[in-house]
Amino acid sequence: MDKKIAFLGTPNFAVPILKSIHQSNYKISCVFSQPPRKSNRGHKLNKSPIHLLSEELGIQIKTPENIEKEIDYIKSLNLDLVIVVAYGQILSKDILSLSKNGFINIHASLLPKWRGAAPIQRSLINMDKITGLSIMKINPKLDEGPVCNKYPLDILENENAKSLADRLSNLAAEKILPNIENILQQTANFEEQDSSTATYAKKIQKIEGKINWNDGADEILAKINGLYPQPGAWFSFENDRHKILRATLSKTTTRPGEIIDDELTISCGNKSIKVTEIQREGKKPQKIRDFLLGSKLKKGIILKNE
RNA sequence: CGCGGGGUGGAGCAGCCUGGUAGCUCGCAAGGCUCAUAACCUUGAGGUCGGCGGUUCAAAUCCGUCCCCCGCAA
């Protein structure tokens, strides 16, 4: 009855899920994660969140540049099941054959909607009212495998990507356990996706964060929330990038980009947004009150779309 | 050795290039005005200008070095 499970994952989103499985009765034979990358200021080598967690929990961790090279090792593990959460490497047919019950992926959308890299951000930018999780079996194509369970989750008013990711991640941590049970018992029911209704969540490009004040306020707010905290939605003023971290809707409209009052309410193409938290280039995030004390962004200034 | 910005009373900033009295907005304290107030007026407290060293008659300001924070890019 001692089933052997492996876990493949990399970013923070996967952390609560690995924790949950670890705390349950299942035994994790090995964790795979992306190798430490040179990143951030100074290009230091940083281990992935899952890498760090595995070390902390004392689980065997492997971080191959290419998982294909570990194929013999994986075979030797004699795995019953593999859980994949945002691992970041393509899994070949050869790899996928090395688990008795397949490779199970948790995807942060209601498939076949938002297949691909950035489902959470895309659902927010698209102003969806609802999203969720899909538990699916990986096949060699991108997020196209058969689904055994979906868990819808309402998107809250003015919710941002971090909050939504946290909620989905926690939901996944909870729901993965009964699914593992069902799959190991062979009682899970997998259904093919209806690919004719599929949509794709393209990877986020940094340039998408640039705000166009001619857009409607709802749209701009969706961008601010969908790109929070990385890469963030921003505008330029006096050559400084100003990243808007949080904002609320406001009704007044004047000229697009015009600062309407002394509290940094900015008119959009339709309605306006009131900035409540902002981060200037090279500065820490600031509540709008603090930011305004020493700021030149006063009523009447018109922000340009550049 | 990836590129770059910053550290100035409690908060957010200006001053630095072109050395020579510590400035602005806010907060705080006291007083005044007011039916009253987060509004307005007056006064006040509070700063080793990130640390150390150097140049100079004189350093927030110029030079060197160290510490800390952040943005970009990957």
Side-chain angles (χ1 to χ4, degrees), chain A residues 8-15 32-52 63-67 85-90 116-122 125 160-163 165 201-213 220-221 223-248 250 252 257-266 273-306:
Chain A
L8 316 194
T10 298
N12 274 318
F13 183 81
V15 164
F32 284 81
S33 191
Q34 291 279 46
R37 303 275 187 215
K38 286 185 179 179
S39 63
N40 294 324
R41 213 171 300 129
H43 275 188
K44 289 178 202 129
L45 220 50
N46 290 307
K47 294 177 181 175
S48 79
I50 284 295
H51 186 161
L52 292 170
T63 60
E65 277 294 336
N66 186 340
I67 195 167
V85 184
Y87 175 47
Q89 286 191 31
I90 305 285
I120 297 172
Q121 287 96 325
R122 291 295 170 202
I125 293 171
N160 63 44
K162 182 177 190 322
S163 152
K202 276 184 301 181
K203 199 175 159 186
I204 301 289
Q205 306 230 284
K206 307 240 179 193
I207 192 69
E208 292 180 58
K210 188 160 83 173
I211 292 173
N212 180 341
W213 295 110
I220 290 174
L221 191 58
K223 184 182 272 188
I224 290 167
N225 286 328
L227 299 182
Y228 178 91
Q230 292 294 334
W234 49 271
F235 63 87
S236 284
F237 177 68
E238 293 187 336
N239 285 325
D240 274 345
R241 184 176 291 203
H242 291 63
K243 186 152 80 178
I244 300 180
L245 301 177
R246 295 175 199 274
T248 55
S250 180
T252 324
E258 178 170 8
I259 299 175
I260 297 172
D261 60 18
D262 288 321
E263 299 181 304
L264 206 52
T265 301
I266 306 170
I273 58 166
K274 186 177 189 315
V275 179
T276 57
E277 197 174 336
I278 191 167
Q279 181 170 22
R280 187 149 69 101
E281 186 173 327
K283 295 294 198 174
K284 293 182 182 178
Q286 294 177 316
K287 295 291 181 193
I288 195 60
R289 202 173 134 80
D290 289 337
F291 171 79
L292 286 170
L293 288 172
S295 171
K296 294 177 197 159
L297 282 170
K298 299 294 184 196
K299 181 178 177 178
I301 288 173
I302 296 185
L303 300 170
K304 295 171 190 148
N305 296 322
E306 58 186 28

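Every chain is numbered from 1, with letters handed out A, B, ... down the list of sequences.
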- pair_partner(U48(B)), Watson-Crick or wobble, both distances < 3.5 Å, evaluates to none

- How far does the P atom of A22(B) sit from the matching atom of A30(B), given to the nearest Å? 28 Å

- Using whole Å, report how far NZ of Lys283(A) lies from P of A11(B). 13 Å

- Message: For a quick check of understanding: with a heavy-atom distance under 4.0 Å over all strands, which category does Arg41(A) fall into, base, sugar-phosphate or nothing?
- Response: base

- Task: Starting at atom CD of Gln205(A), determine the distance to atom P of A74(B), rounded to an integer number of angstrom.
- Result: 11 Å

- Query: Across all strands shown, which nucleotide pairs with C26(B) by Watson-Crick or G-U wobble geometry, both distances under 3.5 Å?
  - Reply: G10(B)

- Taking NZ, NE, NH1 and NH2 as the nitrogens, is one of them in Glu238(A) or Arg280(A) under 4.0 Å from a carboxylate oxygen of the other? no

- Calculate the interatomic distance between Leu45(A) atom CG and C1(B) atom P; express it in whole Å. 16 Å

- Applying the 3.5 Å cut-off to both distances, the Watson-Crick or G-U partner of C3(B) turns out to be G71(B)

- Query: To the nearest Å, how far apart are Leu297(A) CG and G12(B) C1'?
  - Reply: 13 Å

- Message: Expressed as a whole number of angstroms, how long is the span from Lys38(A):NZ to C3(B):P?
- Response: 13 Å

- Message: Let's see if you can work this out: which of A74(B), G12(B), C72(B) has an atom nearest to the side-chain heavy atoms of Asp290(A)?
- Response: G12(B)

- Output yes when at least one side-chain N/O atom of Gln279(A) is less than 4.0 Å from OP1 or OP2 of C70(B), else no. no

- Item | Whole angstrom value for the distance that separates C1' of C69(B) from CD of Gln286(A) | 13 Å

- Determine whether more than 12 heavy atoms belonging to other residues, nucleotides or ligands lie under 6.0 Å from atom NZ of Lys298(A). yes

- Once you round it to whole Å, what is the distance between P of C24(B) and CG of Leu293(A)? 15 Å

- Query: Which is it for Arg37(A) and Glu65(A) under the salt bridge (charged side-chain N to carboxylate O under 4.0 Å, His left out) test, yes or no, and what are the steps along the way?
  - Reply: CA-CA 10 Å; Arg37(A) 303 275 187 215; Glu65(A) 277 294 336; 3.2 Å; yes

- Query: Nearest to the side chain of Lys284(A), which nucleotide is it out of G71(B), U25(B), C70(B)?
  - Reply: C70(B)

- Message: What is the distance, to the nearest angstrom, from the NZ atom on Lys203(A) to the C1' atom on A74(B)?
- Response: 10 Å

- Item | Heavy atoms of other groups near Ile90(A) CD1, more than 12 under 6.0 Å | no

- Message: Which nucleotide, if any, forms a Watson-Crick or G-U wobble pair with C33(B), using both distances under 3.5 Å?
- Response: none

- Using distance alone, with no hydrogens and no angle criterion, decide if Ser250(A) and Thr265(A) have a side-chain donor and acceptor under 3.5 Å apart. no

- Note on the structure: Taking for Arg289(A) and for Lys296(A) the nucleotide of RNA chain B with the nearest heavy atom, the one nearer the 5' end belongs to Lys296(A)

- C1' gap between G23(B) and A60(B), integer Å: 12 Å

- Hey, does Asp240(A) reach any base, or is it just sugar-phosphate, or nothing, if we go heavy atoms under 4.0 Å? nothing

